[in-house]
Amino acid sequence: MSVEATAPGKAILFGEHSVVYRGPAIVLAIDKRAKIIAEKRSDKRIHFDCLDMGFEGYFEGDVYVPIRGEAWRGRRLQGMRVAAWKTLEHLGQETGLSLTARSDIPVAAGLGSSAAICVATVAAVGELLGGNLSKKETCDLAYEGEKVVHGTPSGVDNNISTYGGVLRYERGESIERLELGEGLPFVIGNSRRKRSTRRLVARVKALREREPKLVDGLIDAMVGVAESGLEALKERDLRRLGDLMNINHGLLASLGVSIARLDLMVHASRGAGAYGAKLTGAGGGGCMIALLNPSKVEDIRKAIWRTRGEPHVVNISNQGVETRRIK
Ligand code: MEV
């Protein structure tokens with residue numbers, strides 16, 4: 001028997017970076033998903049087939065043994081490995097596993113690819129072993145994998161990937177799932193510059209240590225923008241949402257996490273008629289997100305192409321993690 005689990009990527013509308021310190025992030029699950037297929041093995045290995053990303057291998061203890069692709073690729077598997085291992089430990093089971101990963105979420109682009117992989121891994125292994133894991137258990141175990149990838153992440157990525165839809169997420173608080181009815185029109189622009197969330201979070205932390213008053217002022221402003229953004233979202237006031245996204249981009253740029261290519265895509269989208277546009281995720285590369293009137297989709301796609309970005313029209317996905325037995 002094998003089990004397939006899929007989990008969505010995400011786009012943060014408000015609150016990236018500030019959520020690490022305080023206040024909410026408002027985050028959307030998007031209709032791009034990671035898929036894990038899990039099967040038991042007769043040996044004790046955890047074997048990974050990530051051939052879409054060009055590699056395959058297994059771990060012997062902590063050591064990665066490549067079958068195809070270079071040995072350094074093993075680093076990319078640490079989150080998935082820990083997610084699988086913590087799930088086995090949680091269920092008190094010892095077995096070898098074959099895990100096949102496929103994903104249409106761009107990697108290292110701020111769209112929650114690593115969290116979606118961790119969440120889908122936990123769900124697939126849990127279902128395979130009859131663990132009957134709750135969503136909360138799935139989310140918490142996936143967070144263990146996320147910690148290996150990102151250091152001390154806020155938890156926003158594994159939560160949205162588990163629950164789907166639109167969430168107000170605040171560290172240590174209960175999450176609020178927002179019922180928004182009809183999808184909102186968004187275009188994402190990928191700068192195609194990969195970056196590390198861990199490094200960007202560390203860069204903001206270092207700036208805060210050097211300039212505590214100023215950076216705390218920026219974080220407070222971002223918290224205010226996120227709370228106002230939540231109101232605008234509930235009222236479906238797209239014009240106000242757009243203004244708040246623009247303000248949020250300025251604040252993130254002040255923290256030093258934007259780059260020229262993101263700024264170009266943001267300004268090109270606004271120039272082509274978006275209500276608002278901002279970087280999304282940790283910044284430093286990765287993606288921006290624009291909110292628009294559906295009649296403007298083509299104009300904004302073209303505007304992003306012209307800056308050499310890669311546009312993706314995305315919809316909110318109400319489906320969080322899902323599993324099914326496939327034979
Ligand atoms: C990453 O998707 C969002 C950040 O706020 C980091 C985090 O919340 O852990 C930059």
Side-chain angles (χ1 to χ4, degrees), residues 10-19 21-28 30 110-111 156 160 166-170 176 178-189 191 204 214-283 286-304 307 309 311-316:
K10 64 93 187 27
I12 296 181
L13 204 50
F14 298 106
E16 51 273 269
H17 287 290
S18 52
V19 69
Y21 299 92
R22 55 188 170 270
I26 314 301
V27 57
L28 327 165
I30 58 172
L111 299 181
V156 61
I160 189 66
V166 181
L167 298 182
R168 177 196 189 278
Y169 173 83
E170 185 168 353
E176 182 187 350
L178 307 167
E179 297 308 330
L180 287 173
E182 294 263 288
L184 289 164
F186 291 108
V187 172
I188 278 177
S191 68
V204 172
L214 283 175
V215 171
D216 274 326
L218 290 171
I219 291 171
D220 286 343
M222 288 159 98
V223 173
V225 168
E227 296 289 15
S228 302
L230 183 61
E231 282 170 21
L233 202 54
K234 286 180 176 168
E235 287 160 10
R236 280 187 89 79
D237 185 342
L238 301 192
R239 202 160 289 283
R240 185 171 178 219
L241 262 179
D243 287 344
L244 292 164
M245 288 169 74
N246 292 341
I247 294 171
N248 202 354
H249 183 75
L251 293 167
L252 287 161
S254 305
L255 285 182
V257 297
S258 193
I259 58 165
R261 270 203 238 174
L262 286 170
D263 289 343
L264 274 176
M265 289 193 289
V266 161
H267 287 285
S269 303
R270 290 180 195 160
Y275 289 115
K278 62 179 277 287
L279 70 84
T280 183
C287 292
M288 52 69 71
I289 182 167
L291 173 69
L292 38 123
N293 185 306
S295 64
K296 300 274 185 200
V297 167
E298 270 320 301
D299 293 346
I300 286 163
R301 269 166 55 92
K302 279 190 201 140
I304 290 174
T307 68
H312 296 269
V313 180
V314 293
N315 292 300
I316 296 173

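- The backbone N or O of Ile30 lies less than 3.5 Å from no partner atom in the side chain of Asn315, so there is not a single donor-acceptor pair.
- Within the structure, the salt bridge (Lys or Arg N to Asp or Glu O under 4.0 Å) test picks out no pair touching residues 252-274 (sequence neighbours left out).
- Partners of Ala272 according to the side chain to side chain contact (heavy atoms under 4.5 Å, CB included) rule, which considers only residues two or more places apart in sequence or in another chain, are Asp299, Ile300, Ala303.
- The shortest distance between side-chain heavy atoms of Met245 and Phe14 falls below 4.5 Å.
- With sequence neighbours excluded, the residues satisfying side chain to side chain contact (heavy atoms under 4.5 Å, CB included) with Asn293 are Tyr275, Ser295, Lys296.
- The two residues Ala25 and Val156 have their closest heavy-atom pair at CB-CG2, 4.0 Å.
- Scored by the side chain to side chain contact (heavy atoms under 4.5 Å, CB included) test, Lys234 finds Glu176, Leu178, Leu230 as partners (sequence neighbours excluded).
- Under the side-chain hydrogen bond (donor to acceptor under 3.5 Å, both in side chains) criterion, Arg22 pairs with Asp216, Asp220, not counting sequence neighbours.
- You'll find the side chain of Phe186 stays beyond 4.5 Å of the side chain of Leu292, heavy atoms only.
- No donor-acceptor pair closer than 3.5 Å links the side chain of Lys278 to the backbone N or O of Ile289.
- Side-chain contact between His267 and Met288: absent, with no pair of heavy atoms (C-beta onward) separated by less than 4.5 Å.
- The structure places CG of Leu279 at 9.5 Å from CG of Leu255, a figure rounded to the nearest 0.5 Å.
- By the 4.5 Å heavy-atom criterion applied to side chains, Arg236 and Leu184 are counted as neighbours.
- By the 4.5 Å heavy-atom criterion applied to side chains, Leu252 and Met222 are counted as neighbours.
- When all heavy atoms are compared, the tightest approach of Val187 to Pro311 is CG1-CB, 4.2 Å.
- Scored by the side chain to side chain contact (heavy atoms under 4.5 Å, CB included) test, Arg240 finds Ser228, Glu231, Ala232, Glu235, Asp237, Leu244 as partners (sequence neighbours excluded).
- Judged by distance alone, with hydrogens and angles left aside, the side-chain atoms of Lys302 form no donor-acceptor pair with the main-chain N or O of Val297 at under 3.5 Å.
- Between the Thr280 side chain and the Ile12 main chain, a donor and an acceptor come within less than 3.5 Å of each other.
- A distance of 11.0 Å separates CG in Asn246 from CG in Leu241, rounded to the nearest 0.5 Å.
- At least one side-chain heavy atom of Val223 sits less than 4.5 Å from a side-chain heavy atom of Pro24.
- With values rounded to the nearest 0.5 angstrom, Leu13 atom CG is found 8.0 Å from Ile26 atom CD1.
- Counting all heavy atoms, side chain and backbone alike, Ile160 lies closest to Val27 at CD1-O, 3.6 Å.
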Is there a side-chain contact (heavy atoms from CB on, under 4.5 Å) between Glu16 and Asn248 once you walk through the steps? CA-CA 9 Å; Glu16 51 273 269; Asn248 202 354; 3.9 Å; yes
